[in-house]
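Chain identifiers are assigned alphabetically (A, B, ...) following the order of the sequence lines, protein sequences preceding nucleic acid strands; residue numbering begins at 1 within each chain.
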Amino acid sequence: MGESITFWVLAVVSVIAALGLVFSRRAVYSALMLGVVMLSLAVLYAVQDAPFLAAVQIIVYTGAVMMLFLFVLMLVGVDSSDSLVETIRGQRFWAIVAGLGFAALLGLGIGNTLIAAPKGLAVANQNGNVPSLAELIFTRHVFAFEVTSALLITAALGAMVLAHRERTEPKPTQRDLSRARFVEFGRHGKNPAPLPGPGTYARHNAIDMPALLPDGTVSPLSVNRVIARHEAEEGTLAPEVAQILQQEEEGK
Amino acid sequence: MTTHYLVLSALLFAIGGVGVLVRRNAIVVFMCVELMLNACNLAFVTFARQNGNLDGQVIAFFVMIVAAAEVVIGLAIIVTIFRTRRSASVDDASLLKY
């Protein structure tokens, strides 16, 4: 009884989260949804007499893999949302049809199979789940285990080789950077000083408040474009900021 | 209960497959592949209990190891592609076609 309650709650949660993973526009939401799916699967493992796998699932997947995903998302740019242009016409529609068909095929196939009552792991787990698993891994599957160690080392090396970048020119010093800034200032009149922080001269210091110039107008340099875009989507963008951004658009 | 678990696993696998086909952001495509691997693991664990031995759990453990290695390499490739093309969309990496 307890198992079926757990199952139904987690099944609903994980399917909804999986759908959210596929259909949410922002990649960070997708990552969070994937985390929800992984956690609920970990609980389902624990329910099915696999406490070791439940722990590994939480440590490896929600710990390491999700961190890696979020890390790369931040590296690549959180605001790189999907383009809605279809490269192959009708691909989305047919992909969803194929997915539904596949789910129906598998579901009906499984549903029509007569499956006996599960034998349960009480006998196999009688020395404890972890010792029994260890016995299997280090006797029957020991070769596979050794090969995975080679795989992990290869993966670590491969990641280092792929992510490494050879510097072809010497690193610019502070002197070079300063010189470049003033050359830019002399040629194009670009402000050589640091950008004004948001809210520097305003009454609020929140990140979405623009800095005010001495005459009280908004300084367009201080407007964070990512936040302004989000606020424009939500309709909470301050009118004076919107006006400045619009003027800038027209200026281009 | 075995049937329920297997149907849930099949559903998650199909959703992940649709995600791989539909999404254009390489990182999200990768997350969908992870979802499919997780669905397979659920089936393995369920079969382990059905058959009363631990082989299914051992296989699920190995799948997790391979998935971790795969994520590391895949994300490194995505970062490398992003560095040269300034984009993480799977449509942009089509240079081999021409």
K.L.:
Which atoms of B:Leu42 are under 4.5 Å from chain A, going by heavy atoms: the side chain, the backbone, both sets, or neither?
P.N.:
both
K.L.:
Rounded to the nearest 0.5 Å, how far apart are CG of A:Leu75 and CD1 of B:Ile78?
P.N.:
11.5 Å
K.L.:
Tell me, side chain or backbone of A:Ile110 under 4.5 Å from chain B's heavy atoms, or both, or neither?
P.N.:
both
K.L.:
Below 4.5 Å from any heavy atom of chain B, which atoms of A:Val15 appear? Answer side chain, backbone, both or neither.
P.N.:
both
K.L.:
Can you tell me how far the CE atom of B:Met31 sits from the CE atom of A:Met33, to the nearest 0.5 Å?
P.N.:
11.5 Å
K.L.:
Under a 4.5 Å cut-off applied to non-hydrogen side-chain atoms, are A:Ser30 and B:Arg23 in contact?
P.N.:
yes
K.L.:
Measure the shortest side-chain to side-chain distance between B:Phe61 and A:Thr148 over non-hydrogen atoms and say whether it is less than 4.5 angstrom.
P.N.:
no
K.L.:
Just give me the residue among B:Val72, B:Ile27, B:Val71, B:Thr3 that pairs up with chain A most often, heavy atom to heavy atom, under 4.5 Å.
P.N.:
B:Ile27
K.L.:
So B:Met64 and A:Tyr61, side chain to side chain contact (heavy atoms under 4.5 Å, CB included) or not? Walk me through it.
P.N.:
CA-CA 8 Å; B:Met64 281 181 190; A:Tyr61 269 115; 3.7 Å; yes
K.L.:
Measuring heavy-atom distances to chain B, does A:Leu21 have an atom under 4.5 Å in its side chain, in its backbone, in both, or in neither?
P.N.:
both
K.L.:
Using a cut-off of under 4.5 Å for heavy-atom pairs, which of B:Leu54, B:Leu21, B:Val66 has the most such pairs with chain A?
P.N.:
B:Leu54
K.L.:
Between B:Leu8, B:Val79, B:Val18, who has the most heavy-atom pairs with chain A when the cutoff is under 4.5 Å?
P.N.:
B:Leu8
K.L.:
Over 60° means perpendicular and under 30° means parallel, so tell me whether A:Phe102 and B:Phe13 are parallel, tilted or perpendicular.
P.N.:
tilted
K.L.:
Which heavy atom in A:Ala103 sits nearest to a heavy atom in B:Leu11, and how many Å separate them?
P.N.:
CB-CD2, 4.3 Å
K.L.:
Let me know if A:Phe7 has heavy atoms under 4.5 Å from chain B in its side chain, its backbone, both or neither.
P.N.:
side chain
K.L.:
Taking C-beta and beyond as the side chain, do A:Phe52 and B:Gln57 meet within less than 4.5 Å on heavy atoms?
P.N.:
no
K.L.:
Which one, B:Val20, B:Ile59, B:Asn38, leads in non-hydrogen pairs under 4.5 Å with chain A?
P.N.:
B:Asn38
K.L.:
Would you find a donor on one side and an acceptor on the other, under 3.5 Å apart, between the side chain of B:Arg49 and the backbone of A:Asp49?
P.N.:
no
K.L.:
Tell me whether A:Gln91 contacts the main-chain N or O of B:Val22 through its side chain, where contact means a donor paired with an acceptor under 3.5 Å.
P.N.:
no
K.L.:
With a 4.5 Å cut-off on heavy-atom pairs, point out which of B:Asp55, B:Ile77, B:Val29 contacts chain A the most.
P.N.:
B:Asp55
K.L.:
Using side-chain heavy atoms (C-beta onward) and a distance below 4.5 Å, is A:Leu41 in contact with B:Leu12?
P.N.:
yes
K.L.:
Look at the side chain of B:Thr80 and the backbone N and O of A:Leu162, then say whether any donor-acceptor pair between them is shorter than 3.5 Å.
P.N.:
yes
K.L.:
Does any backbone or side-chain atom of B:Phe62 lie under 4.5 Å from a heavy atom of chain A? Answer side chain, backbone, both or neither.
P.N.:
side chain
K.L.:
Report which part of A:Ser14 has an atom under 4.5 Å of a heavy atom belonging to chain B: side chain, backbone, both, or neither.
P.N.:
both
K.L.:
For B:Asn41 and A:Gln57, test the side chains for any donor-to-acceptor distance below 3.5 angstrom and give the result as yes or no.
P.N.:
no
K.L.:
Where does A:Leu53 contact chain B at under 4.5 Å (heavy atoms): side chain, backbone, both or neither?
P.N.:
both
K.L.:
Tell me, side chain or backbone of B:Ser9 under 4.5 Å from chain A's heavy atoms, or both, or neither?
P.N.:
neither
K.L.:
Against chain A, label B:Phe47 side chain, backbone, both or neither, depending on which of its atoms sit under 4.5 Å from a heavy atom there.
P.N.:
neither
K.L.:
Looking only at non-hydrogen atoms, find the nearest pair between B:Val7 and A:Gly107 and report the distance.
P.N.:
CG2-O, 4.4 Å
K.L.:
Check whether more than 12 heavy atoms from other residues, nucleotides or ligands sit under 6.0 Å from atom CD of A:Gln174, and answer yes or no.
P.N.:
no
